Asker: 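The structure under discussion is supplied below as structure tokens; questions concerning it will follow.
Excluded from the calculations below are hydrogen atoms, water molecules and symmetry mates; all remaining heavy atoms, backbone and side chain alike, are included. Because the structure is predicted, anything quoted here is derived from the model rather than measured. Residue numbering restarts at 1 for every chain, and letters A, B, ... go by the order of the sequence lines.
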Amino acid sequence: MAGLLQEYADLISITGGDAYKARAYEKAARAVAGHYQDVAQLDAKGLRQIPNVGRSIADKVAEYLASGSVPEIEELRARIPAGVRQLIAIPTLGPKKANVLYQELGISSVEELVDAIHAEKLRGLKGFGTKTEENILHGVRLMQSAGDRVLINVALELADELVEELSAVTGCVRCSYAGSLRRFRETIGDVDLLAAAEDPEPLMRTVTELDTVAEVIAHGQKKTSVRTRSGLQVDVRVVAPEAWGAALQYFTGSKAHNIRTREIAVHQKLKLSEYGLFDVDSGDLVVSQTEEEVYRRLGLPWIPPTLREDRGEVEAAQRGELPDLLTEQDIKGDLHTHTDLTDGVSTLEEMVEAAARRGYSYYAITDHAPNLYMQRMSDEKMLAQRERVREMDGKHRRMRLLHGTELNIDADGEVDWPPEFLAGFDLCVASVHSYFTLPRERQTRRLLKAIENPYVNIIGHPLARQIGRRPEIDVDLDAVFEACARTGTALEVNSFADRLDLRDEHIMHARRYGVKFAIDSDSHSTVHLGYLRYGVGTAQRGWLTAAEVINTWPLTKLRAFVRAKRPR
DNA sequence: GCCGTTTTCGGCCCGACTGTTTTCAGTCG
């Protein structure tokens, strides 16, 4: 539903419609996406209860739910090819330029645009210079660096649904996702599902009949590949129940990890395949039922999927030195969240309620500070929010509330408020929201300045990337990690699926300096609180243990961490 | 198109940067 509203907003912008109308649809899209109820279960009246959804949008949503289409949207779709809308996904290219390209040159796909630039067809077009061409080509390269891969949340939500549907099929003994999804890679090329059944036929047939299937790529007895309507490929493999462990190990990968484990097998005169671990001489099956058995027979402890990248996990396993990875259950609270006081869509009360339901023992509200001008924060508003937080604190017996803020690191590393004001917060996150392209030396100096600030406890989304849209900022990572370890400043693992920042390699790098981390959701809505699973997955890929993550600590220890950095 | 009221219209996120332009439009956060 949110996607449809956003599409309509884009189409309004591209066709030069009322900018405020477009913005109204964008706001509604965000509100719907972040709404705590299942929108499909609401009638027009219920829909109007959602903030920023009025009569007109509620009616359109209701109509869509009833009939599957909305005439106004269909009309704009007929005028603007879908490819034109893809153009505005290119960084630096917005609706106005996209419309010029379509109207003047008939360009309606990213591919056509790139061709047109190379053929110099944009020359002489008003508002398009050589630098614009360069920027567009650079933007396209950025987008394509993610390839045809999708963000992990998109793949995982689909996989969860499919696993549920397939598990219900008669004869299905087990079903699970495998592949890069099970390893929690940040982007996913295709969804690999594994099922166990004596008779694979009902499962294979069901796969081809799923609602979401747009195309059947391959359909066999043991394996079926389909493409969903959203364009994602799903491979489903069925094995006999007794081969479950070996198959899951095989299909989880990574390829490099599997090569290592098969080598180990070979050295022991064994052969490892998706059907089991076999004795080479006799051909007899040794083990196959569980992953644990397979690893154990190879002389290894079970290796968590998030480590299976051949990045030292096999050696660590052989030495008995695998890290005791943190899990979502270790997280005692979220330390970076927003409310509708700034750009969130849920109220303070809703956020706190939702956090309490997750069983947290503490929870920090960290709305944006004033220097991010679009958020219109003020000292008064922040202090008034603090009053409310203090009043609410204690109403949830098992969850304490912390009042913090997300500061804005300016080009010189300064933050929004003077020390006297910062001292009033329970903790502060500080993040880069601008000046992404400073030269390395200045970028590093800027970040170090913020890290040295005695009131900055967490650096939020430290490298400020957005997957497929914006590259990481260029900084001296060693200098940053050293400073964080020395000053007692945590680095965030931001759990938003298009950020996942720090990412796995940098986490591995940083922890060698003894850096502490905070795994936060950066929630702008109650539904975002659950995104924490992506941050936890990323943290596991970075080999993090609970001891290194400040929001697994008891509150007293967390408070001591904040206090230790502040002047006495 | 939504919202709030100084209610049935008028304001809506503000500022900066970039590139293309001669004074500003488009894009972004």
Asker: When you measure from the side chain of A/R470 to the backbone N and O of A/A464, does any donor-acceptor pair fall under 3.5 Å?
Answerer: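 Side chain of A/R470 to backbone of A/A464: a pair is present.
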Asker: Assess whether a salt bridge exists between A/R149 and A/E186, defined as any Lys/Arg side-chain N lying under 4.0 Å from an Asp/Glu carboxylate O.
Answerer: no
Asker: Is the phosphate of B/dG19 approached by A/T132 (side-chain N or O, under 4.0 Å from OP1 or OP2)?
Answerer: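 Looking at the OP1 and OP2 atoms of B/dG19, neither is under 4.0 Å from any side-chain N or O of A/T132.
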Asker: Where do A/F425 and A/W417 land on the ring pair (Phe, Tyr, Trp, His ring centres under 6.0 Å) test, with the steps shown first?
Answerer: CA-CA 11 Å; A/F425 289 106; A/W417 278 299; 5.5 Å; yes
Asker: Can A/R390 and A/D426 be counted as an ion pair, charged N to O under 4.0 angstrom?
Answerer: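 Salt bridge between A/R390 and A/D426, a charged N being under 4.0 Å from a carboxylate O: yes.
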Asker: Do any side-chain nitrogens or oxygens of A/R23 fall under 4.0 Å of OP1 or OP2 in B/dG1?
Answerer: no
Asker: Scan A/L93 against the nucleic acid and name what it touches under 4.0 Å (heavy atoms): base, sugar-phosphate only, or nothing.
Answerer: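 Sugar-phosphate contact only - A/L93 comes under 4.0 Å of backbone atoms but never of a base.
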Asker: What integer number of Å spans the P atoms of B/dT18 and B/dC12?
Answerer: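 Nearest-Å result for B/dT18 against B/dC12 at atom P: 27 Å.
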Asker: Kindly assign one of parallel, tilted or perpendicular to the pair A/Y25 and A/Y8, based on the angle between their ring planes and the thresholds 30° and 60°.
Answerer: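 Geometry flag for A/Y8 against A/Y25: perpendicular rings.
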Asker: If the cut-off is 4.0 Å, is A/R469 near the phosphate of B/dC28, judged by side-chain N/O to OP1 or OP2?
Answerer: yes
Asker: Reckon A/N52 has a side-chain N or O less than 4.0 Å from the OP1 or OP2 of B/dG1?
Answerer: no
Asker: Within less than 4.0 Å of OP1 or OP2 of B/dC12, is there a side-chain N or O belonging to A/Y20?
Answerer: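 No, outside the criterion.
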Asker: Any side-chain N or O of A/Y25 under 4.0 Å from OP1/OP2 of B/dC2?
Answerer: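 For B/dC2, neither OP1 nor OP2 has a side-chain N or O of A/Y25 closer than 4.0 Å.
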Asker: Kindly assign one of parallel, tilted or perpendicular to the pair A/F496 and A/H528, based on the angle between their ring planes and the thresholds 30° and 60°.
Answerer: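 The arrangement is perpendicular - the two ring planes meet at more than 60°.
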Asker: I want to check one thing: is the phosphate of B/dG29, taken as OP1 and OP2, less than 4.0 Å away from some side-chain N or O of A/R470?
Answerer: yes
Asker: Determine which pairs satisfy salt bridge (charged side-chain N to carboxylate O under 4.0 Å, His left out) with at least one residue from residues 107-132 of chain A, sequence neighbours left out, and list them in order.
Answerer: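 Qualifying pairs: A/E120-A/R123, A/R123-A/E133, A/K131-A/E134.
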Asker: Quick check on DNA chain B: between A/K27 and A/G54, whose nearest nucleotide comes earlier from the 5' end?
Answerer: A/G54
Asker: Within the structure shown, what part of the strands sits under 4.0 Å from A/T130 by heavy-atom distance: base, sugar-phosphate, or nothing?
Answerer: sugar-phosphate
Asker: Each nucleotide N or O in nucleotides 21-25 of chain B that has a protein N or O under 3.5 Å away: list the pair and distance.
Answerer:
none

Asker: Base, sugar-phosphate, or nothing: which does A/F436 touch, judged by heavy atoms less than 4.0 Å apart?
Answerer: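 Since only primed, P, OP1 and OP2 atoms lie under 4.0 Å of A/F436, the category is sugar-phosphate.
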Asker: If the C1' atom of B/dT23 is compared with that of B/dG19, how far apart are they to the nearest Å?
Answerer: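 Rounded to whole Å, the distance is 13 Å.
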Asker: Within the structure shown, what part of the strands sits under 4.0 Å from A/S434 by heavy-atom distance: base, sugar-phosphate, or nothing?
Answerer: nothing
Asker: Taking B/dC17 as the reference, what is the distance to B/dG11 when you measure between their C1' atoms (whole Å, please)?
Answerer: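 These two C1' atoms come out 26 Å apart once rounded.
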